[in-house]
Each structure stands twice: as structure tokens, then as C-alpha cells.
Number of protein chains: 2
Amino acid sequence: MSNGVTIGRAAAFVGVTVKTVRHYHRLGLVAEPERDSSGYRRYGSAELLQLVQVRTLAAAGVPLAGIGAVLDAEAAQFGAALADVGRQLTERIDELVARRDTLQRLADGDRALLPDRACAVLDRMRDLGLDPGYVAAQREALVLARALVPAGFDGFLGQLERGLHDREFVELTRRAWEAESWQPDDPRIEELAAALADRYLADPALLGDHASLRAWANAPAQYRLINNHREDRAPVAARLTALTEARLRAAGVPLPQR
Amino acid sequence: MSNGVTIGRAAAFVGVTVKTVRHYHRLGLVAEPERDSSGYRRYGSAELLQLVQVRTLAAAGVPLAGIGAVLDAEAAQFGAALADVGRQLTERIDELVARRDTLQRLADGDRALLPDRACAVLDRMRDLGLDPGYVAAQREALVLARALVPAGFDGFLGQLERGLHDREFVELTRRAWEAESWQPDDPRIEELAAALADRYLADPALLGDHASLRAWANAPAQYRLINNHREDRAPVAARLTALTEARLRAAGVPLPQR
DNA sequence: GTTGAGGTTGACCTCGGGGCAGGGTGGAGG
DNA sequence: CCTCCACCCTGCCCCGAGGTCAACCTCAAC
């Protein structure tokens, strides 16, 4: 007799691949048809009908794992089940759209990973003639700060902005970066630390506002990490920072514990 | 010294799970930090920075496999790479939206798997008092026909509609369904087949229009499958169909070969 | 007889991790 | 000291919806 069609024809009729049909069999969504004398599956109309039903639901986005239940459920539950699937689809769509929006903000120019205000600060640093290496280091510190201490990020930015408006402070910053080429025991390092501490004490706003200081105090581990960033590649700067911090602490400034 | 933070803290800082961090290590997206004396990973700022960068891109929908390349690429390629990812995201979003739309059409009432016109035909069958079992069988045949011979589907529908407008034909259909309770050798079966064939020959439009007939002729395997659907559960109807077809062929009607 | 198309099973791959097993480590409390 | 609890380590299998590769078998045509 050789009743029915082979799997290839059945798959073609319904518009799927042979693999997919076998996959549905393995999941129990479509009954296995009888085999002919040579072991080939022979599909009759009943199996094709199931295949069409499963395919229609799958193409509509119903997860394969839920198709069995949907087909078993009669009328009343059927609509509810489909509505449920639709809700899940909507959620995933919204998530993907949000991702794409984030991506577009990232791709907007090369200013990835940081908001516009931070990019402006970095641009300003470049314009002031600060070393590109220093600017890059600040950029990394900002990226870290934003992720690790989001509550203190705006304060951190404000602190940087204020520093850039202070000509003397900018000069000190420039020298501090140049100090990297000095010997580690150069006596000028101590001098520079003292000058920096004096500047901070003369204008405490350079250390950040109240909210910002509190945020840092609440996250000492993060403060240490960000503050020590690039320490290995800039040992002189590290020593400079330590000396300056010591002086500030001695003057009563409540910096987070090291 | 115990420098740096453990994996759990690092993960919490960045807002991911410990598993995710280790996953990134395995993919080479974040450098493995040094281990302390007990074998624990100790994260410094450099690793955290990488983690933040990777996380930001991943959250924006960049596939992990592409993040390495994106981070390596400088400025110019960076934007292009992100734009590319954005395009892929848009494609997937469109696909999901299309799925959801399909789903909503399906969920609209219990009339799944078939278009409105077909549902109307089935409703009309019910209204005419035809047996629910018969209507269900016709529904399955329509689902199959739509998937297997889309070109002939509208013609098939039209054929059914015309039949429903023919009072005598409806009566014959009703009797044909009742015939299932007869013995397989009941002489009334032959009579009924003759009456059906006569009715078809009296109004050949009941067999479908030209386009429809051509579509069936081009898909004999599908015709056979759909025509023989439920044959196993309705042997009398099967015999009835065969007898009727034989008469029609004898009268010169070009039905597809069995 | 041979060739090419199409059938059979099975095992392994995708992507972004989640979950569990089995065991080690460190600090706090009885 | 012992125990509890939280945290860390590695390694394995799991998810969805199939794709891909391998090795072999069968059918129809030349």
C-alpha cells in the first residue's frame, strides 16, 4: 500500500524542515506516524493536521513547551493561554526596544559608556592642555565611579568641573601628572602634596559637596578602588595621593578610611 | 595584603551575578584577576573597569561574542560596530512584533487557525443543523487545505458555501453523515452515492470553479490526503466518497488520480 | 551496477547564563 | 573547640528551537 507521504514531503507541505518535524516528534507535539517496511515514517492526514496546528502556533510565537497545553485546552482556556503568551512576547519586545535605545545612545559619537555631561568635562580637560594620558585615566575613573557609586556620580562630576575652573588647581594637576617622570624619592613630591592639600583646604568645595562626601563615605571599598585605579602604572601619583590624603586627614577632613 | 574585592562584591558592584562574571572570564572578555592565598579571585580597579565596560555593552544588546571586537576597535569602527548590532536588534524586534500580531489574530475568539470566512462557513453548517462531528471534520479538512493547498483554499471555501445554499445538497450531506451508522454493505450506500453524483453533475459548480479544480489537479497527493482524512474513523463515508468519485470520473469529471 | 536524492539514528553546537554537586575557606557565636 | 553560615572553587548538565555533521540505508532512475 505504502500509505501516506514521507517526512520530506510532509515537511515541505507544512513549510518546515525535516529536522523540525522530528524535533516535534521528540517533544511529543506530533504523534509518530506508522513506519513502512523500510522504517520510513508515513504521514497520514491526522499527523499532518497536528503538524499544521503546531506549526501555526509556533510561528505565532507560542513556545513549543506550551503548545501541548494550548491545544489540549478547549475554547475558554484557549484564548486565555494565547493572551498569556502574547503578554510575554510584549515584555520581550519592550526589553529589546530598551536595549536598542541604550545602544543608540552609546553609538552616538565615540562617547560611549558615559553621559554627555561627563564627556564635556573630559573635553574641557583636553582643551585645557592636560595630558591625554591623564584625561584617559580620568575617563576610566568616571566609568568606574558611575557603575560603582551611582549616587555619588553627579557630585564627582561637579567636583571635577569646579577644579577645572580653578586655574591654580589645574596647574597643580598638570604638575602632578608630570611628576610621574620624577624619581620616587624626589623631594618635590612632598612639596607638591603640600601645595595640593593647601589648595583643597583653601576651597573645600574642590573635595565635593556634602551629598557627594556622604556617598563616598558610604562606599569606602569603592572609593579605595577608584582612587587607587592605575596606581600600578603610576606609582608616583599614588604616593602623591597618599601624602595629600594624609595631610587632609590631619587637617580634619573626613575622607573614607584606606 | 588581601588586595581587591572578592568576586561576589565585584559582581554586586557591577550589578551582575557571580556566575556571569565567571562566564565572562571563560569567554576572555574580562581578564582573570590574581588569586589570594586561598585561591579566591581578588578584583582590582582594572578588572572592574573591564567588567563595567563589558556589562554596559552586553546590557545594550551587543552579543557577548562581539564585545571583544567592539572594545578593541577604536573610535571609527566602534560606532559602525554598534550600528550593526542595532540593526540586528531592530530585525529581531520586527520579527517579534509580527509574531505577536499573528497571535492576536489567532486569539481573537476561539476561531484559531482559520480565517473569518472559513469560520463563517462552519457556523453556517452548525446553524443548518448538520452534526457537530461533521462540522468538526470539515474544520480539520479546512485547516489542512489551507496549509497544504493555499492556492486552492478560497476555491474550496466557495465550493462549500455554494453547497450550503443548495437545500438538496445539504440534505444529501446530512444523510451521508448519518450513513456512518449503517452496515458497510448496506445497499442504501450505493443509492446515496448515485444521488450525490447526480447532484454534482446537475450543478458542476458544487465541485469548485476552474481555478480551484486546477489547484487540486496540481496537488494530487494533497488532494488524496485531505479527501481521505478521517477515513479510518469513518469507513462508510470513505466508501461513499470512493463510489461517488468513481461515478463522477465515469461521467468525465477530471478528478485528481487516487 | 551505479549514482544521486532522500530517508534513518545519534551526537554535538548554538547564547547567556542558571542550577546543582561536592568541597574548601573565613568569621561569628555557643 | 565546635558549629553554623556565607562565601568561594571547579565541573557538569540544562534551557529553546532547531542546525550541522557523520555514518549508514533505501528508492528510483539511468
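The analysis underlying the following values was restricted to heavy atoms, covering all of them including side chains, and did not include hydrogens, waters or symmetry mates. So that the names make sense, note that chain A is the first sequence line, chain B the second, and so on, each numbered from 1.
Side-chain proximity of A:S38 to the nucleotides D:dC9, D:dG18, D:dC27 is greatest for D:dC27. Taking only side-chain atoms of A:V18, from C-beta outward, the nucleotide of D:dG16, C:dG7, C:dG18 with the closest atom is C:dG7. The side chain of B:R22 lies closest to D:dC9 when the candidates are D:dC9, C:dG17, D:dG18.
To the nearest angstrom, P of D:dA6 lies 19 Å from CD1 of B:I7. In this entry the distance linking CG of B:L27 with P of C:dG16 reads 8 Å, nearest Å. What separates NE2 of B:H23 from P of C:dG19 is a distance of 15 Å, to the nearest Å. For A:R99 and C:dC15, the CZ to C1' distance is 11 Å, given to the nearest whole Å. Distance B:L64 CG to C:dG18 P: 12 Å, rounded to the nearest Å. Regarding B:D36, its CG atom lies at a distance of 11 Å from the C1' atom of C:dG26, rounded to whole Å. Between B:L89 atom CG and C:dC15 atom P there is a gap of 15 Å when expressed in whole angstrom units. Atoms NE2 (B:H25) and P (D:dT10) sit 9 Å apart, rounded to a whole Å.
Ion pairing between B:R249 and B:E245 holds under the 4.0 Å rule for side-chain N and carboxylate O. Salt bridge A:R99/A:E95: present, at least one basic N to carboxylate O contact under 4.0 Å.
Under 3.5 Å, the side chain of B:Y40 and the base of C:dG24 form at least one donor-acceptor pair of N or O atoms. One can find a donor-acceptor pair under 3.5 Å joining the base of C:dG19 and the side-chain atoms of B:K19.
For the OP1/OP2 pair of C:dC15 and a distance below 4.0 Å, the side-chain nitrogens and oxygens of B:R26 include no atom meeting the criterion. Put simply, A:Y24 has a side-chain N or O that comes within less than 4.0 Å of OP1 or OP2 on D:dG18. For B:R41, no side-chain nitrogen or oxygen approaches OP1 or OP2 of D:dC8 to under 4.0 Å. One finds no side-chain N or O of B:T6 lying less than 4.0 angstrom from the OP1 or OP2 phosphate oxygen of D:dC7. Note on B:R55: every side-chain N or O is 4.0 Å or more away from OP1 and OP2 of C:dG16. Applying the 4.0 Å criterion to OP1 and OP2 of C:dG18, one finds that B:T20 has a side-chain N or O inside that range.
Between A:Q50 atom CD and A:I67 atom CD1 the span is 12.0 Å, to the nearest 0.5 Å.
Nearer to the 5' terminus of DNA chain D, by closest-nucleotide assignment, is the contact made by B:R9 (compared with the other of B:R9 and A:G61). Annotation: of the two residues near DNA chain D, A:V62 and B:E32, the 5′-most nearest-nucleotide partner is B:E32.
Side chain of A:Q88 to main chain of A:V85: no donor-acceptor pair is present (N/O by atom type, distance under 3.5 Å, no hydrogens or angles). Without hydrogens or angle criteria, B:R139 side chain to B:L122 main chain gives no donor-acceptor distance under 3.5 Å.
In this structure, the side chains of A:L51 and A:E47 stay at 4.5 Å or more apart for every pair of heavy atoms.
Residue A:R92 is classed as having no contact, given no heavy-atom separation below 4.0 Å to the nucleic acid.
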